[in-house]
A.B. asks: 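After the structure tokens below, expect a handful of questions from me.
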Amino acid sequence: MKRRAFILASILIIILCGCTVSPPDSAAEEIVLYSWKLKSDDNSKESRGTLSFENRNIILNVKKTDKSELKLNEYYEIDNEKIIIVSEDYGNIVFKYKLYGNELELSYDGSALRFIKVS
């Protein structure tokens, strides 16, 4: 009887350990695992935007307060300090990034966008 209980407990432990999600190994891995929402700089005039990754495409939608809009659904490469977007329309776009806990900052040509982790 003890042997049977031990076997069942061992199987249960193996199953439960296989269900846990291990944390990301790097900032780059964490960035592509989650979706991100643009953090507003000003409460009265909000910019809106989202950032997510599907397969090997980055999906970036940003609508600024001046009604300008950026929509990208392009192939990307990411390393430990930058995201390179390969766009047929705009050429290569290089964003440097910094990850601050649940916040992500993308900088490009002197400007920065801050995102908050959603899921």
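Basis for what follows: all heavy atoms, side chains included, without hydrogens, waters or symmetry-related copies. Numbers here simply count residues along the sequence, with the first being 1. For clarity, every value in this text was computed on a predicted model and none was experimentally measured.
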A.B. asks: I'd like to know if the side chain of Trp36 reaches the main chain of Gly49, judged simply by a donor and an acceptor atom lying under 3.5 Å from each other, with no hydrogens or angles considered.
C.D. replies: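 A pair under 3.5 Å: no.
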A.B. asks: How long is the gap from CD1 on Ile58 to CD1 on Ile31, to the nearest 0.5 Å?
C.D. replies: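 If we round to the nearest 0.5 Å, Ile58:CD1 and Ile31:CD1 are 9.0 Å apart.
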A.B. asks: Let me confirm one number: the CZ-OG distance from Phe115 to Ser52, rounded to the nearest 0.5 Å.
C.D. replies: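 Atom-to-atom, Phe115:CZ and Ser52:OG are 10.0 Å apart.
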A.B. asks: Relative to the ring of Tyr76, is the ring of Phe53 parallel (under 30°), tilted (30 to 60°) or perpendicular (over 60°)?
C.D. replies: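 Aromatic pair Phe53/Tyr76 classed perpendicular.
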A.B. asks: Answer with yes or no whether the hydrophobic clustering places Leu99 together with Leu33; edges join I, L, V, M, F, W, Y residues whose side-chain heavy atoms lie under 4.5 Å apart.
C.D. replies: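 Yes; tracing contacts between hydrophobic side chains, which count when under 4.5 Å, links both residues.
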A.B. asks: To the closest 0.5 Å, what do you measure between OG (Ser87) and CD1 (Ile93)?
C.D. replies: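 Rounded to the nearest 0.5 Å, the OG-CD1 separation comes out at 5.0 Å.
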A.B. asks: Check the pair Leu60 / Phe95 against side-chain contact (heavy atoms from CB on, under 4.5 Å), numbers first and verdict last.
C.D. replies: CA-CA 12 Å; Leu60 176 63; Phe95 285 102; 4.2 Å; yes
A.B. asks: Hydrophobic cluster membership, with links at side-chain heavy-atom distances under 4.5 Å among I/L/V/M/F/W/Y: are Ile84 and Tyr97 in one?
C.D. replies: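 No, Ile84 does not connect to Tyr97 through the hydrophobic network.
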A.B. asks: To the closest 0.5 Å, what do you measure between CG (Leu51) and CG (Leu113)?
C.D. replies: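 Leu51 CG to Leu113 CG: 9.5 Å, rounded to 0.5 Å.
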A.B. asks: Let me confirm one number: the CD-CG distance from Glu30 to Leu104, rounded to the nearest 0.5 Å.
C.D. replies: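 Glu30 CD to Leu104 CG: 9.0 Å, rounded to 0.5 Å.
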A.B. asks: Around atom OH of Tyr90, are there more than 12 heavy atoms from other residues, nucleotides or ligands closer than 6.0 Å?
C.D. replies: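 Incorrect, the count does not exceed 12.
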A.B. asks: Please say yes or no: joined through hydrophobic side-chain contacts below 4.5 Å, possibly via intermediate residues, are Leu72 and Tyr75 part of one cluster?
C.D. replies: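 The answer is no; the residues belong to distinct hydrophobic clusters.
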A.B. asks: So if you build clusters from Ile, Leu, Val, Met, Phe, Trp, Tyr with side-chain heavy-atom gaps below 4.5 Å, do Ile78 and Val94 land together?
C.D. replies: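 Unlinked, Ile78 and Val94 end up in two clusters.
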A.B. asks: Could you check whether atom NZ of Lys117 has more than 12 heavy atoms from other residues, nucleotides or ligands sitting under 6.0 Å from it?
C.D. replies: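 Check passes, neighbour count above 12.
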A.B. asks: Decide, yes or no, whether a salt bridge links Glu77 with Lys82 under the criterion of side-chain N to carboxylate O below 4.0 Å.
C.D. replies: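 No, no charged N to carboxylate O under 4.0 Å.
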A.B. asks: Give the minimum heavy-atom separation between Asp79 and Ala28, together with the two atoms involved.
C.D. replies: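 Looking at all heavy atoms of both residues, the closest pair is O-CB, 3.6 Å.
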A.B. asks: Measure the spacing between CG of Leu106 and CG of Leu38 and express it to the nearest 0.5 Å.
C.D. replies: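 So the gap between those two atoms works out to 9.5 Å.
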A.B. asks: Testing Lys96, Lys39, Arg114, Lys98 for side-chain hydrogen bond (donor to acceptor under 3.5 Å, both in side chains) with Glu105, which one passes?
C.D. replies: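 The side-chain hydrogen bond (donor to acceptor under 3.5 Å, both in side chains) with Glu105 is passed solely by Arg114 among Lys96, Lys39, Arg114, Lys98.
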